[in-house]
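Below is one structure, written out as structure tokens; comments come after it.
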Amino acid sequence: MVMEHQVNSLWSQLNAWLPTVLGYTGQVILALIVLLVGWKIINMVIRAMGRMMAASHIEPTLQGFLLSVAGLLMKALLLISVASMVGIATTSFVAVLGAAGLAVGMALQGSLANFAGGVLILLFRPFKVGDSIVAGGSAGTVESIEMFRTVLRDTKNDLIYVPNGTLSNNIVVNSSQSDRLQASVTLLIDYNDDIDKARALLLGAVGNDELVLKNPGPSVGFLPQPANIAVTLSFWCAPGNVTPLTGKYSETAIQVLKQNGYRLGTTTRAAPAN
């Protein structure tokens with residue numbers, strides 16, 4: 001009799017729990033189906049977004065970042081929805097996530113500014129890899145554009161890491177977007193030297209160079225200094241030729257003027273009286 005009573009009691013408890021268990025099992029199965037189907041749909045949406053971005057010629061770096069963020073957001077929303085389907089309270093969970101996000105944002109506001117700057121650079125493309133730029137006190141050729149910084153290589157072959165926040169909030173001079181740039185070489189000659197002859201010599205030095213543009217043509221200017229005359233040879237060329245031609249004609253100008261008796265960097269003027 002005792003055994004029969006225990007069996008009946010156990011059976012009664014199972015009958016009481018069965019509707020709850022079956023109902024909860026049904027919720028779990030439905031939530032799993034929603035999770036699997038939703039996950040597949042999100043992946044399909046991400047792939048479609050990737051094709052649309054590729055067709056719009058958006059920078060690959062920005063494409064990957066935007067797709068990653070979109071995928072994470074949609075999957076997070078899906079997981080929260082699935083959790084609520086099985087009876088998990090998500091209100092406090094979302095509040096905790098929001099507070100944590102705010103705290104992290106305040107702690108990393110400098111990094112977030114650089115991150116936002118990287119997004120703007122990749123989106124509006126004021127420059128691209130291979131361009132020669134001057135910005136934020138730095139100058140060089142763009143080696144890479146990352147999410148938080150841009151890497152430049154200067155004329156000494158040093159790598160310069162510039163925060164994207166600095167680039168997005170300052171004036172950027174992109175010389176590579178022009179089809180021609182002006183280069184110049186400046187030397188000092190004496191007041192007793194013949195400036196007309198100096199002009200002819202310098203113009204003759206660059207006149208036959210195919211890399212120097214003829215329109216507009218090269219020019220020579222003179223600027224009086226307290227003890228010397230600054231003579232500047234200016235010429236136009238393709239952006240990629242500015243550095244090599246400047247180096248070439250800095251040396252050529254010195255040689256040509258010295259060979260013709262010019263006293264570079266010296267003066268015959270008397271020092272001004274104190």
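The first residue in the sequence is number 1, and the count goes up from there.
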Quiz item: Should Gln182 and Pro216 count as side-chain neighbours, where that means a heavy-atom distance under 4.5 Å?
Solution: no

Quiz item: Rounded to the nearest 0.5 Å, what separation is found between the CG atom of Leu245 and the OG1 atom of Thr252?
Solution: 10.0 Å

Practice problem: Please list, chain by chain and in numerical order, all residues satisfying side chain to side chain donor-acceptor pair (under 3.5 Å) with Thr243, sequence neighbours excluded. | Solution: none

Exercise. With the side chain counted from C-beta on, respond yes when Ser184 and Thr232 share a heavy-atom pair under 4.5 Å apart, and no when they do not.
Key: yes

Self-check item: For Glu143, all residues meeting side chain to side chain donor-acceptor pair (under 3.5 Å), sequence neighbours excluded
Solution: Arg153

Review item, side-chain donor-acceptor pairs of residues 28-48, under 3.5 Å, at least two apart:
unit_1: Asn43; atom_1: ND2; unit_2: Trp39; atom_2: O; d: 3.3

Quiz item: Can you pull the salt bridge (Lys or Arg N to Asp or Glu O under 4.0 Å) pairs that have at least one residue in residues 154-173, sequence neighbours excluded?
Solution: none

Quiz prompt | Test side chain to side chain contact (heavy atoms under 4.5 Å, CB included) applied to Lys214 - qualifying residues, sequence neighbours left out | solution = none

Quiz item: By side chain to side chain contact (heavy atoms under 4.5 Å, CB included), which residues pair with Asp196, not counting sequence neighbours?
Solution: Asp194, Arg199

Quiz item: Quick one: salt bridge (Lys or Arg N to Asp or Glu O under 4.0 Å) pairs with a partner in residues 237-255, sequence neighbours left out?
Solution: Asp209-Lys248

Quiz item: Excluding sequence neighbours, so at least two apart, what forms side chain to side chain contact (heavy atoms under 4.5 Å, CB included) with Ser219?
Solution: Ser234

Quiz prompt | Backbone N/O of Ser175 and side chain of Ser132: donor-acceptor pair under 3.5 Å | solution = no

Quiz prompt | Whichever hydrophobic residues join Val242 through chains of side-chain contacts under 4.5 Å | solution = Leu181

Exercise. In sequence, state the C-alpha distance, the side-chain angles, and the governing distance for Ile133 and Leu152, and then conclude on side-chain contact (heavy atoms from CB on, under 4.5 Å).
Key: CA-CA 9 Å; Ile133 66 171; Leu152 306 179; 3.8 Å; yes

Quiz item: Which heavy atom of Leu202 sits nearest a heavy atom of Ala253, and at what distance?
Solution: CD2-CB, 3.7 Å

Quiz item: Apart from Met52 itself, what residues make up its hydrophobic cluster, given side-chain heavy atom links below 4.5 Å?
Solution: none

Practice problem: Could you name each residue pair satisfying ring pair (Phe, Tyr, Trp, His ring centres under 6.0 Å) that touches residues 219-248, not counting sequence neighbours? | Solution: Phe235-Tyr249

Exercise. Could you list the residues that satisfy side chain to side chain contact (heavy atoms under 4.5 Å, CB included) with Leu223, not counting sequence neighbours?
Key: Gln225, Ala230

Self-check item: Straight-line distance of Ile121 CD1 to Leu167 CG, nearest 0.5 Å
Solution: 4.5 Å

